[in-house]
Every structure is written in C-alpha cells, then in structure tokens.
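Treat the numbers as computed from the prediction; the structure is a model and nothing was measured.
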Amino acid sequence: MKTNLKKLLVASAFLMTTVGMVGVVGAHQGKKGERLEEIKAELKLTPAQEKAFKTIQEDKRAKFKELKKSDLPKEEKRAQMRALKAETRAELAKTLDAQQLAKLDAKMEKRKAKFKGKRGERGPRLEKLADELELTEPQRNQIKSIMEDAKAERELILEANDSDRRQARPELKAHRQEVKGKIRAVLSAEQAAKFDAMKAKHKGDRKGKRKGQAKKGE
C-alpha cells in the first residue's frame, strides 16, 4: 500500500512538473507569435516575406545561442557576434524592401535604446563600487573585466531573443546572478556584505519607484 502511494505521489509530481513546463513553453511560443504578427502588420509583409523573415530570425537565434555557449575567447566571440549581425542584416535586406528595412531598423534601435536606458538605472557601476567598497587596484581591474564580459554576454542573450527584454528575462536574470557571484568572489567578506547591502537597497529603491509610478497611473 505504501509503495503504491509513493508511486502515485511521484507520478503526480512528474505530471505537475511536465504540465508547468508545457505551459511555460507554450507562453514563450505565444509571445513569439504575437511579435511576428506585430512585425507583419507594421511592415506589411507578404506571405512569402513573412515565411522568409521567420526563417531568418529562427536561424539567427539558433546561431547566437550556439555562440553564447561556446568557449571562444571574448574578443573572438564579439567578432563573430558582429559577423552574425551583418549576415542577418544582409539576409533581411534581400527579403525586405528599403522602406520595410528602415522601419525594422528603427524598431530595433528603439528597443535597444530602451534597454540601455534601463541598464543605466540598474545596479551599482564600477566607479560606485570602487568608492563604496574601497576596492584595491587588482580588484578594480578584475571587476572591470567581469563587467566587460557581462556586457558582451548580455548582448548575445538579447540578440538571441530579438532584442526583446521580456522574452530574454529568464536568461538575463540568471546572467545577473552569475555576474553577481563572480564579483562577490573577488571581494573580501566585509566588502561582500557591503555589496549585498548595496544591491538590496537598489532593489528596494526600484520597487518603491515602480509603486509610485503605478499610483500615478491610477
């Protein structure tokens, strides 16, 4: 009886996990479909253009994800990223007319500018860290290198997700935690405690700001 009950509980847990994963994947695919419909409407794509655009984007995402996983040196990875961007742009230029391409470029630049603006508000930067944590020169250089690598990785994540922050959110969140861990590893115990306090304060400030904006919108 106990064995059967145990099997039943394990089966139920597996079923719930599977259903949850299917729901997440379904929602993710739904968002991609919504974005394609949005671009289709804005650029007035023909059926042939829509099919070609979808193929180009899927191919780009796959290549950027592979590049992100690779162990290439950071400079070579960045060079390949630039080459992939140029390759994708060339493929789109063959598919879209000049007006459609200009509209798409403007849309992508707007997304990137929005992301960069939010990044500017986010997290203590190197100068602030150096001042408040009283970093040594070796620590400063190590953290600078970590931040430069992190920037390149963020770009890869975004490019693999069509510069859509909502779509890239789970990967970006995991990436931020990874970067935080790397920075903490460079710090002393006292500095790490201060660093955690700075991050917690910043997170609290952002939550307060969002609540204030929500009240204004009511």
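Using a cutoff of 4.0 Å between basic side-chain nitrogens and carboxylate oxygens, Glu134 and Lys194 are not scored as salt-bridged. The pair Glu171-Arg154 does not meet the salt-bridge criterion, since no charged nitrogen lies less than 4.0 angstrom from a carboxylate oxygen. A salt bridge is absent between Glu58 and Lys63; no separation between the charged side-chain nitrogens and carboxylate oxygens falls under 4.0 Å.
Counting all heavy atoms, side chain and backbone alike, Asp105 lies closest to Arg89 at OD2-NH2, 2.6 Å. Minimum heavy-atom separation, Ser70 to Lys77: O-NZ, 3.2 Å. In terms of heavy atoms, Leu135 sits closest to Leu187 at CD2-CD2, 3.7 Å. Scanning all heavy atoms of the two residues, the minimum distance from Leu43 to Gln100 falls at O-NE2, 2.8 Å. Summarising the geometry of Ala152 relative to Arg78, their closest heavy-atom pair is CB-NE, 3.4 Å, with the distance given to 0.1 Å. Between Leu126 and Arg140, the shortest heavy-atom contact is CD1-O, 4.1 Å.
Rounding to the nearest 0.5 Å gives a distance of 6.0 Å between CG of Leu129 and CZ of Phe195. Note: Arg82 CZ to Glu87 CD = 15.0 Å, rounded to the nearest 0.5 Å. For the atom pair Phe64 CZ and Glu155 CD, the distance stands at 9.5 Å (nearest 0.5 Å). Note that the CZ atom of Arg125 and the CG atom of Asp131 stand 14.0 Å from one another [nearest 0.5 Å]. Interatomic distance, Glu178 CD to Ile183 CD1, rounded to the nearest 0.5 Å: 11.0 Å. For the atom pair Asp149 CG and Met147 CE, the distance stands at 12.0 Å (nearest 0.5 Å).
Using a distance-only test at 3.5 Å, with no hydrogens or angles considered, no donor-acceptor pair links the side chain of Glu42 to the main chain of Lys103. The main-chain N or O of Ala150 is never found under 3.5 Å from a side-chain atom of Glu153 such that the two would form a donor-acceptor pair. Formation of a donor-acceptor pair under 3.5 Å by the Thr88 side chain with backbone atoms of Leu84 is found in this model. A distance-only check finds no donor-acceptor pair linking the side chain of Gln142 to the backbone of Val186 [under 3.5 Å].
More than 12 heavy atoms of other residues, nucleotides or ligands lie within 6.0 Å of NZ in Lys180, so this atom counts as buried by the packing criterion. By the neighbour-count criterion of 12 heavy atoms within 6.0 Å, atom NZ of Lys182 is sparsely surrounded, having that number or fewer from other residues, nucleotides or ligands.
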Step-by-step side-chain contact (heavy atoms from CB on, under 4.5 Å) determination, Glu37 to Glu50: CA-CA 9 Å; Glu37 287 301 313; Glu50 182 184 351; 4.1 Å; yes
Test log, rule side-chain contact (heavy atoms from CB on, under 4.5 Å), inputs Leu45 and Leu96: CA-CA 8 Å; Leu45 300 179; Leu96 307 176; 3.5 Å; yes
Residue pair Phe53, Leu104: steps toward the side-chain contact (heavy atoms from CB on, under 4.5 Å) verdict: CA-CA 11 Å; Phe53 184 89; Leu104 182 63; 3.8 Å; yes
Thr55 vs Glu91, side-chain contact (heavy atoms from CB on, under 4.5 Å): CA-CA, chis, key distance, verdict: CA-CA 10 Å; Thr55 300; Glu91 289 299 317; over 6 Å; no
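A side-chain donor from one of Gln191 and Gln139 sits under 3.5 Å from a side-chain acceptor of the other.
Linking ILVMFWY side-chain heavy atoms closer than 4.5 Å, directly or via other members, places Leu133 and Ile146 in a single hydrophobic cluster.
Contact check for Lys107 versus Glu38: side-chain heavy atoms found under the 4.5 Å cut-off.
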